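The block underneath contains the structure these notes are about, expressed in structure tokens.
The chains referred to below are lettered A, B, ... by the order of the sequence lines, with proteins before strands, and numbering in each begins at 1. This is a predicted model, so every value here is computed, not measured.
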Protein chains: 2
Amino acid sequence: MPASNPANASPDSPDGEGAQLSGGPAFSPLYQQIKSLLLRSLQGGEWKPGEAIPSEMDLAARFRVSQGTVRKAIDELATDNLLVRRQGKGTFVATHAEENIQYRFLRLAPDEGPATGMARDVLDCRRLRAPADVARALNLKSGDSAVLIRRTLSRNGTPVVLDEIWLPAGPFKGLTAERLSDYAGPMYGLFETEFGVRMIRAEEKIRAVAADNVTAGLLKVAEGCPLLSVERLSHTYGDKPIELRRGLYNTASHFYRNDLN
Amino acid sequence: MPASNPANASPDSPDGEGAQLSGGPAFSPLYQQIKSLLLRSLQGGEWKPGEAIPSEMDLAARFRVSQGTVRKAIDELATDNLLVRRQGKGTFVATHAEENIQYRFLRLAPDEGPATGMARDVLDCRRLRAPADVARALNLKSGDSAVLIRRTLSRNGTPVVLDEIWLPAGPFKGLTAERLSDYAGPMYGLFETEFGVRMIRAEEKIRAVAADNVTAGLLKVAEGCPLLSVERLSHTYGDKPIELRRGLYNTASHFYRNDLN
DNA sequence: TAGTGGTCTAGACCACACA
DNA sequence: GTGTGGTCTAGACCACTAC
């Protein structure tokens, strides 16, 4: 690439993998364009979760930019938790399947003791028409089929979390209570490995609610007991909403932690 | 700076503002050292909140490094929300005092309508001995004096938040209910402007609790009503804990929002 | 026009992992 | 030793703001 960066004005190498936008009026830095191209490759499955992507030098050659430009693109993807850099080894596609230790999105911590794993219990897993609110959240047509999973998480034999998980039926064909129970790692690992659905980002809405009759029984608390209601909408590539999860947390001996800065 | 970066081994310009660590065995990149120096200047008040810091070129000259190295240091401080970059104008010390629109750390949003400001009501502000748990959280000696503020936040005339705020008495000499009530902006702006205490970072522990008698009266809910309990520990420079805030949120028509990635 | 941050390059060397 | 990411430099030019 010559010294005068053509950026969005005069593309001088409009070949296969050239990086410049051709003539668009909107300005976008080269590294952002590289980032988009990398994102597209990730979404398209060119590199699978856990695998290494090409080295910075290789990518620089492929996109015909300098290493520094590729570097900045990768940096942003790394802070977005889409890629993981490992010095001396390479850059890898992030994955929920081998995330050491703990659930990536679960912010629940015990008052005392280490944040060890929790026992999972799938209550049921069935297909039904998505209710209106679920359909709206997941961008489904009303009447579309959805999967509903209900499960609990327990620590030391005591149930702490009751989850109600809604998924679009399409991408999750073949998901059963058995497969959920059999899979060793976190649920998002299974989604990734078995269904090619990778969770990128989520928004949570948190409230305090009173336990209803059924919930009280499942969580072994009194009816009316205050519970944390955590509604999570998870998104996959392209910011597409793909999971709606409604959790009820018993915060008698656990708390939801959050860091602000 | 010569091509062979001396880093931690052979300082070649040990003058006033030279950047290298002298002889320490622990490796630390130059830009991290610059970051520390900038942090020290911020902490020491060389540049006040809202002011501009010197340009990248000036800082590069001062620390005898390249612009790119200063740049990376500033980048990190900017993502930490300690500095704010404004293209064409300069780099500024972040401040709570002019943060347009909304509270920086308050994650409460209304179910409907825009997240407009809320009405503040200071119930009381007094000095007393810090209880054991507060003293522990704020690193005070047991028996040290502390300020306790109680206040509510209301939207459309309805109280939504009841805060109980603990501060060490020392740095907040002269803080009264009147000054709290009179100050126009957010409380952290007042802390910054009047007491030189800038909040950098906070951790929150969230639970669901039942409203007790007194709380129920203040928030105009029934006794036993589920409320969100938000315990926030805020830190200032040097990661020093400086505020313990216990909030009770009525989440009937508001929710606590959180983004996960 | 001058000064600021923002982008991009090309090349050097360092730290780390692995064979 | 080779290859990877990580750091640092020097210099060019672009985009934005203010005077």
Side-chain angles (χ1 to χ4, degrees), chain A residues 1-13 18-21 25-36 38 47 51-61 63-79 83-93, chain B residues 1-13 18-21 25-36 38 47 51-61 63-79 83-93:
Chain A
M1 192 66 36
S4 76
N5 163 29
N8 299 283
S10 57
D12 74 301
S13 55
Q20 288 76 26
L21 274 175
F27 170 75
S28 165
L30 246 190
Y31 74 87
Q32 287 287 4
Q33 304 176 39
I34 305 297
K35 186 180 173 185
S36 297
L38 291 175
W47 314 299
E51 288 180 10
I53 71 172
S55 75
E56 295 179 349
M57 290 304 270
D58 287 354
L59 289 170
F63 296 130
R64 298 170 166 281
V65 297
S66 77
Q67 188 199 12
T69 300
V70 168
R71 190 166 185 75
K72 185 149 187 179
I74 292 180
D75 276 345
E76 293 209 350
L77 291 169
T79 60
L83 295 177
V84 177
R85 321 194 70 141
R86 287 185 220 161
Q87 180 172 135
K89 299 178 75 172
T91 301
F92 299 77
V93 182
Chain B
M1 191 65 34
S4 75
N5 163 30
N8 299 286
S10 56
D12 73 302
S13 54
Q20 288 77 22
L21 274 176
F27 170 76
S28 165
L30 245 190
Y31 75 87
Q32 288 286 4
Q33 305 176 39
I34 306 297
K35 186 180 174 186
S36 296
L38 292 174
W47 314 300
E51 288 180 9
I53 71 171
S55 75
E56 296 179 350
M57 291 304 270
D58 287 354
L59 289 171
F63 295 129
R64 298 173 168 281
V65 298
S66 78
Q67 187 199 11
T69 301
V70 168
R71 192 171 183 72
K72 185 147 186 181
I74 293 180
D75 277 345
E76 293 209 349
L77 291 169
T79 59
L83 295 176
V84 178
R85 321 192 72 143
R86 287 184 219 159
Q87 181 171 135
K89 300 178 75 174
T91 301
F92 298 78
V93 182

- Query: Once Watson-Crick and G-U wobble pairs under 3.5 Å are found, how is DNA chain C written in dot-bracket notation, 5' to 3', with | for any base paired to another strand?
  - Reply: ||||||||||||||||||.
- Check whether any side-chain nitrogen or oxygen of A:Ser66 sits under 4.0 Å from OP1 or OP2 of C:dA10, and answer yes or no. no
- Task: Figure out the CD/C1' separation between B:Glu76 and D:dG6, and round it to whole Å.
- Result: 12 Å
- Message: Could you check whether any side-chain N or O of B:Glu56 sits under 3.5 Å from a backbone N or O of B:Val70, counting only pairs where one atom can act as donor and the other as acceptor?
- Response: no
- Query: B:Arg85 versus B:Asp75: any side-chain heavy-atom pair under 4.5 Å?
  - Reply: yes
- Could you point out which residue of A:Leu30, A:Thr69, A:Asp58, A:Ile34 forms a side chain to side chain contact (heavy atoms under 4.5 Å, CB included) with A:Phe63? A:Ile34
- Note on the structure: With the side chain defined as heavy atoms from C-beta on, B:Arg85 is closest, among D:dT7, C:dG6, C:dT9, to C:dG6
- Interatomic distance where CZ belongs to B:Phe92 and P belongs to D:dC16 [whole Å]: 17 Å
- Task: Would you kindly give the CG-to-P distance between A:Leu30 and D:dC14, to the nearest whole Å?
- Result: 13 Å
- Query: Rounded to the nearest Å, what distance is computed from the CG atom of residue A:Asp75 to the C1' atom of nucleotide D:dG6?
  - Reply: 10 Å
- Task: Starting from P on C:dC14, measure out to OH on B:Tyr31 and report it in whole angstrom.
- Result: 18 Å
- Of A:Asp58 and B:Gly88, whose closest DNA chain D nucleotide lies nearer the 5' terminus? A:Asp58
- Message: What's the separation between atom NZ in B:Lys72 and atom OG in B:Ser66, rounded to the nearest 0.5 Å?
- Response: 11.5 Å
- Give the C-alpha distance, both sets of side-chain angles, the deciding distance and a yes or no for side chain to side chain contact (heavy atoms under 4.5 Å, CB included) between B:Leu59 and B:Leu38. CA-CA 9 Å; B:Leu59 289 171; B:Leu38 292 174; 4.2 Å; yes
- Message: Please find the pair of heavy atoms, one from A:Leu83 and one from A:Val93, that lie closest to each other, and give the distance.
- Response: CD2-CA, 3.9 Å
- Looking only at side-chain N and O atoms, does B:Lys89 come under 4.0 Å of OP1 or OP2 in D:dA18? yes
- Item | Euclidean distance, atom CG of residue A:Leu83 to atom C1' of D:dT4 [Å, nearest integer] | 15 Å
- Task: Calculate the interatomic distance between A:Met57 atom CE and C:dA12 atom C1'; express it in whole Å.
- Result: 12 Å
- Query: Among the nucleotides D:dG6, C:dG5, C:dT7, which one has an atom lying closest to any side-chain atom of A:Gln87?
  - Reply: D:dG6
- Task: Strictly below 4.0 Å, heavy-atom distances to any atom of DNA chain D: list the hits from residues 67-74 of chain B, or just say none.
- Result: B:Thr69, B:Lys72
- Nucleotide D:dC8, atom P - distance to CZ of B:Phe63 in whole Å: 14 Å
- Query: Of the non-hydrogen atoms in A:Ser28 and A:Gln33, which two are nearest, and what is the gap between them?
  - Reply: O-NE2, 2.8 Å
- Would you name the heavy atoms of B:Ala52 and B:Trp47 that are closest together and state the gap between them? O-CD1, 4.4 Å
- Item | Validation row: B:Thr91, B:Leu77 side chains within 4.5 angstrom (heavy atoms) | no
